[in-house]
**Q** 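Before we start, here is the structure in question, set down as structure tokens.
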Amino acid sequence: MPDAGRAPAAPQAPADHTIRIGTGLVEVGPQRFLSTTTYNGAFPGPLLRLKEGRQVTVDIHNDTDTPEQLHWHGQQVPVSVDGAAEEGTPYIPAHGMRRVIYTPRPAGLRFYHTHVRAGGDLQRGQFSGQVGPVYIEGAREAGAYDREVFLTLKEFEPFLSQGGDMEMDILSPPTPDPELKKQGEAEMRASLAKGKGMKKGFEVGYRIFTINGRQLGFGEPIRVKRGERVLFHVLNGSATENRSLALPGHTFKVIALDGNPVPHPADVPVLWLGTAERISAIVEMNRPGVWTMGDLADDDRRDGMGVVVEYAGAKGKPRWRKPAPFRWDYRRFADPGKTVAPPDSTIDMLIAKDNAADQGFNRWTINGKAFDMQRMTADWRLQRGKRYRLRMRNASDDLHPMHLHRHTFELTNLAGQPTAGVMKDVVMLGGYQTVEVDFTADQPGLTLFHCHQQLHMDFGFMGLFETT
Ligand SMILES: [Cu+2]
């Protein structure tokens with residue numbers, strides 16, 4: 001008799017890809033090994049090349065002692081696959097396995113990463129090495145390049161400090177909303193006045209910075225030839241940091257943001273990526289030499305956030321030159337001729353910081369409410385097929401990389417300036433600014449929406465949509 005109610009132990013077809021979550025060693029520098037949780041024992045996890053629309057089977061083994069979630073960031077997949085317990089995706093049990101079968105889409109640069117709460121435990125969640133790139137090949141592939149290079153930016157050895165947060169004044173338009181600023185500053189003053197010794201909430205810093213798991217100067221350089229067009233697929237795999245990247249003497253032609261082709265590819269001297277953002281950009285190699293491609297922050301670059309680019313035949317020490325000040329403006333890549341139709345409905349979100357309110361960590365609220373993991377009921381109900389506008393108003397001075405699961409949204413307003421045509425799944429929301437994005441609710445079930453900064457999402461900065 002078959003054992004009713006238990007999955008049959010029928011022989012299964014082999015998976016297309018197998019991922020093992022477990023402890024791995026990452027050699028970040030000469031004789032400097034880190035031990036952290038990784039995919040397949042390495043960092044970054046293996047590049048998964050998938051085909052848009054062609055079903056794929058992935059076996060995910062969890063060799064750790066705690067349940068895990070693997071999130072397919074930027075893909076339009078069902079709740080059972082997506083990898084977020086808040087939506088109802090089953091956990092990959094400790095010392096167990098889950099097989100997921102789904103159809104990859106949309107085409108472009110995606111990634112996979114853990115989606116468990118770290119809280120104050122800096123070994124867990126995306127503070128670990130659980131990040132890997134995904135490239136979904138579409139039917140039409142832009143071909144104006146000679147080869148591809150994947151770069152995953154990631155820090156290790158995190159620590160907590162209470163010094164207050166880093167200035168992140170990098171966006172254009174730069175203008176804060178005076179109303180939001182007034183509110184945010186009043187709340188901070190009130191908090192700091194509450195009692196003697198009241199401090200600012202915890203922030204995370206790091207001791208080690210890497211690209212593809214190696215500190216600047218360690219391992220092989222990126223070897224190029226004069227005249228070569230290299231397509232860089234850059235992924236910010238950080239748990240908490242926004243990153244920049246520049247290659248002195250060269251420009252990046254940005255062709256895709258978060259994997260989605262932009263309506264207006266444009267040249268920029270610097271890339272800026274909020275946590276979990278991706279940029280695909282072509283660099284024409286026309287300045288022979290040995291160069292440091294690295295982060296603009298001198299300390300972070302010195303501690304490893306960079307990679308050497310070496311032309312054939314060139315010798316000497318890698319050179320770095322700080323680029324002229326440059327603000328990141330998504331509108332540069334937008335469609336100037338497009339106007340966006342009004343949505344069926346607009347959802348207003350006021351984002352606020354409750355300074356050091358949760359055991360020294362900042363608590364984050366959307367419309368006055370911190371996300372409650374125990375509750376898991378929808379904050380907003382959506383009708384399938386309707387188009388919604390999210391109006392995110394940031395009453396804090398922090399920059400937030402805002403992420404919507406299982407959907408792609410269009411940037412429609414940045415700090416009061418209308419825009420159209422840029423499709424993304426993460427958008428940087430500047431301090432005391434407002435950003436609007438539009439999307440069609442075309443995925444039934446629960447959809448998580450959150451700030452991708454691990455400390456922010458873990459301390460309240462999440463919400464749930466339910467589409468029926
Ligand atoms: Cu945030």
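All ligand and atom numbering here is 1-based and tracks the order in the structure.
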**Q** Any chance CD of Glu185 has more than 12 other-residue heavy atoms, nucleotides or ligands included, within less than 6.0 Å?
**A**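 Enclosed: over 12 neighbouring heavy atoms sit under 6.0 Å from CD of Glu185.
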
**Q** Could you please tell me which protein N, O or S atoms lie under 2.8 Å from the Cu ion (ligand 1)?
**A**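 Sorted hits: His400 ND1, Cys451 SG, His456 ND1.
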
**Q** Ring centres of Phe127 and Phe156 under 6.0 Å apart?
**A**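 Between Phe156 and Phe127, which both carry aromatic rings, the centre distance is not below 6.0 Å.
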
**Q** Taking the ring of Trp72 and the ring of Tyr102, is the distance between their centroids below 6.0 Å?
**A**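 Yes, they do, as the ring centres are separated by less than 6.0 Å.
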
**Q** Mind checking whether Phe439 and Tyr388 have parallel, tilted or perpendicular rings, split at 30° and 60°?
**A**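 Geometry flag for Tyr388 against Phe439: tilted rings.
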
**Q** Apply the test ring pair (Phe, Tyr, Trp, His ring centres under 6.0 Å) to residues His115 and His73: give CA-CA distance (whole Å), side-chain angles for both, the deciding distance (0.1 Å), then the verdict.
**A** CA-CA 10 Å; His115 210 291; His73 187 119; 8.7 Å; no

**Q** Short question: side chain of Asn362, backbone of Ala356 - any donor-acceptor pair under 3.5 Å?
**A**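 Yes, because the side chain of Asn362 sits within donor-acceptor range (under 3.5 Å) of the backbone of Ala356.
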
